[in-house]
**Q** 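Dropping a structure here in structure tokens format, bear with me for questions.
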Amino acid sequence: QVQLVESGGGLVQAGGSLRLSCAASGLAFSNYNMGWFRQAPGKEQEFVSRIGWSGSRIYYADSVKGRFTISRDNAKKAVYLQMNSLKPEDTAVYYCAAADIFTTTPNSYKYWGQGTQVTVSS
């Protein structure tokens with residue numbers, strides 16, 4: 001059974017930082033491209049970042065470029081999202097997901113975590 005479990009969310013003031021983690025089990029993690037998505041209340045799901053299976057291919061949404069950093073540790077079967085200079089508009093539930101291909105399209109991701117709440121106060 002495949003599981004993706006996010007952690008690290010919480011409440012932070014604007015300008016602060018959080019590091020999200022996503023622990024994977026039940027899949028050949030190093031074979032998968034990993035992505036982070038977010039969804040704010042009343043808004044559509046939004047792509048945040050993705051990283052290729054080897055970690056060499058990385059892509060960010062313009063809204064987080066320069067502030068967020070994605071990384072992965074295949075030995076630990078984990079993917080991370082370091083979020084700096086957080087803004088109130090970053091408030092959302094953050095999800096990690098696994099895909100066979102390197103894509104930003106949510107429907108192409110096969111496995112999803114349950115999400116972790118990030119709240120940024122002004």
**Q** Extract all donor-acceptor atom pairs below 3.5 Å that involve side chains of residues 11-20 and protein atoms in other chains or at least two apart in sequence.
**A**
unit_1: S17; atom_1: OG; unit_2: N84; atom_2: OD1; d: 2.9

**Q** Indicate if W53 and I70 have the same hydrophobic cluster label, given that clusters are the connected sets of ILVMFWY residues with side-chain heavy-atom separations under 4.5 angstrom.
**A**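 No; tracing contacts between hydrophobic side chains, which count when under 4.5 Å, never links both residues.
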**Q** On a heavy-atom basis, which atom in W112 and which in P106 lie closest, and how many Å separate them?
**A**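 Nearest pair, atom of W112 first, then P106: CZ2-O, 3.5 Å.
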**Q** In chain order, what residues pass the side chain to side chain donor-acceptor pair (under 3.5 Å) check against T105, with sequence neighbours excluded?
**A**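 For T105, the residues satisfying side chain to side chain donor-acceptor pair (under 3.5 Å) (neighbours in sequence not counted) are T103.
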**Q** I need the F102 CZ to Y59 OH distance, nearest 0.5 Å.
**A**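 Answer for the CZ-OH pair, F102 versus Y59, is 9.0 Å.
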**Q** Applying salt bridge (Lys or Arg N to Asp or Glu O under 4.0 Å) as the test, list every pair that has at least one member in residues 81-106; sequence neighbours left out.
**A**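 For residues 81-106, and leaving out neighbouring residues, the salt bridge (Lys or Arg N to Asp or Glu O under 4.0 Å) pairs sorted by first residue read R38-D90, R67-D90, D100-K110.
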**Q** Y95 and Y111: same hydrophobic cluster, using ILVMFWY side-chain contacts below 4.5 Å?
**A**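 No, Y95 and Y111 fall in different hydrophobic clusters.
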**Q** Keeping the roles fixed (side chain from T91, backbone from V120), state whether a donor-acceptor pair exists under 3.5 Å.
**A**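 Between the backbone of V120 and the side chain of T91 there is a qualifying donor-acceptor contact (under 3.5 Å).
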**Q** With a 4.5 Å cut-off on side-chain heavy atoms, are Y80 and D73 touching?
**A**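 A side-chain contact under 4.5 Å exists here.
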**Q** What closest approach, in Å, do S49 and L81 show between heavy atoms, and which atom pair accounts for it?
**A**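 Distance-wise, the nearest heavy atoms are CB-CD1, 4.3 Å.
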**Q** Once you round to the nearest 0.5 Å, how far does NZ of K77 lie from CE of M34?
**A**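 The CE atom of M34 is 11.5 Å from NZ of K77, to the nearest 0.5 Å.
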**Q** Locate the shortest heavy-atom distance separating G113 from E6; write the atom from each residue and the value.
**A**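 It is CA-OE2, 3.2 Å.
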**Q** List in chain and number order the residues that pass ring pair (Phe, Tyr, Trp, His ring centres under 6.0 Å) with Y94, two or more places apart in sequence or in another chain; answer none if no residue qualifies.
**A**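 Y94: no ring pair (Phe, Tyr, Trp, His ring centres under 6.0 Å) contacts found.
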**Q** If you count every heavy atom of other residues, nucleotides or ligands that lies below 6.0 Å from K43 atom NZ, does the total exceed 12?
**A**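 For K43, atom NZ is not crowded (no more than 12 foreign heavy atoms under 6.0 Å).
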**Q** Among pairs that include at least one residue of residues 23-35, which meet side-chain hydrogen bond (donor to acceptor under 3.5 Å, both in side chains), considering only residues two or more places apart or in two chains?
**A**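 Applying side-chain hydrogen bond (donor to acceptor under 3.5 Å, both in side chains) to every pair that reaches into residues 23-35, excluding sequence neighbours, yields nothing.
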**Q** To the nearest 0.5 angstrom, please state how far the OH atom of Y109 sits from the OG1 atom of T104.
**A**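 Atom-to-atom, Y109:OH and T104:OG1 are 7.0 Å apart.
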**Q** For the hydrophobic clusters of this structure (ILVMFWY residues joined by side-chain heavy atoms under 4.5 Å, transitively), does one cluster hold both W36 and V93?
**A**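 Looking at the clustering, V93 is in a separate group from W36.
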**Q** Check whether any side-chain N or O of Q39 sits under 3.5 Å from a backbone N or O of A92 as a donor-acceptor pair, and report yes or no.
**A**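 Side chain of Q39 to backbone of A92: no pair is present.
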**Q** Mind checking side chain to side chain donor-acceptor pair (under 3.5 Å) for R72 and listing every partner two or more places apart, or none if nothing turns up?
**A**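 If we apply the side chain to side chain donor-acceptor pair (under 3.5 Å) test to R72, skipping adjacent residues, the hits are N74.
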**Q** Are V48 and Y60 co-members of a hydrophobic cluster defined by side-chain heavy atoms under 4.5 Å apart?
**A**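 Yes.
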**Q** Working to the nearest 0.5 Å, report the span between SG of C96 and CD1 of I51.
**A**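 Atom-to-atom, C96:SG and I51:CD1 are 12.5 Å apart.
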**Q** Examine F47 and V64 and state if one hydrophobic cluster contains both, with Ile, Leu, Val, Met, Phe, Trp and Tyr joined whenever side-chain heavy atoms are less than 4.5 Å apart.
**A**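 No; tracing contacts between hydrophobic side chains, which count when under 4.5 Å, never links both residues.
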**Q** Indicate the atoms forming the closest heavy-atom contact of A24 with L4, along with that distance.
**A**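 Here A24 and L4 meet closest at CB-CD2, 3.5 Å.
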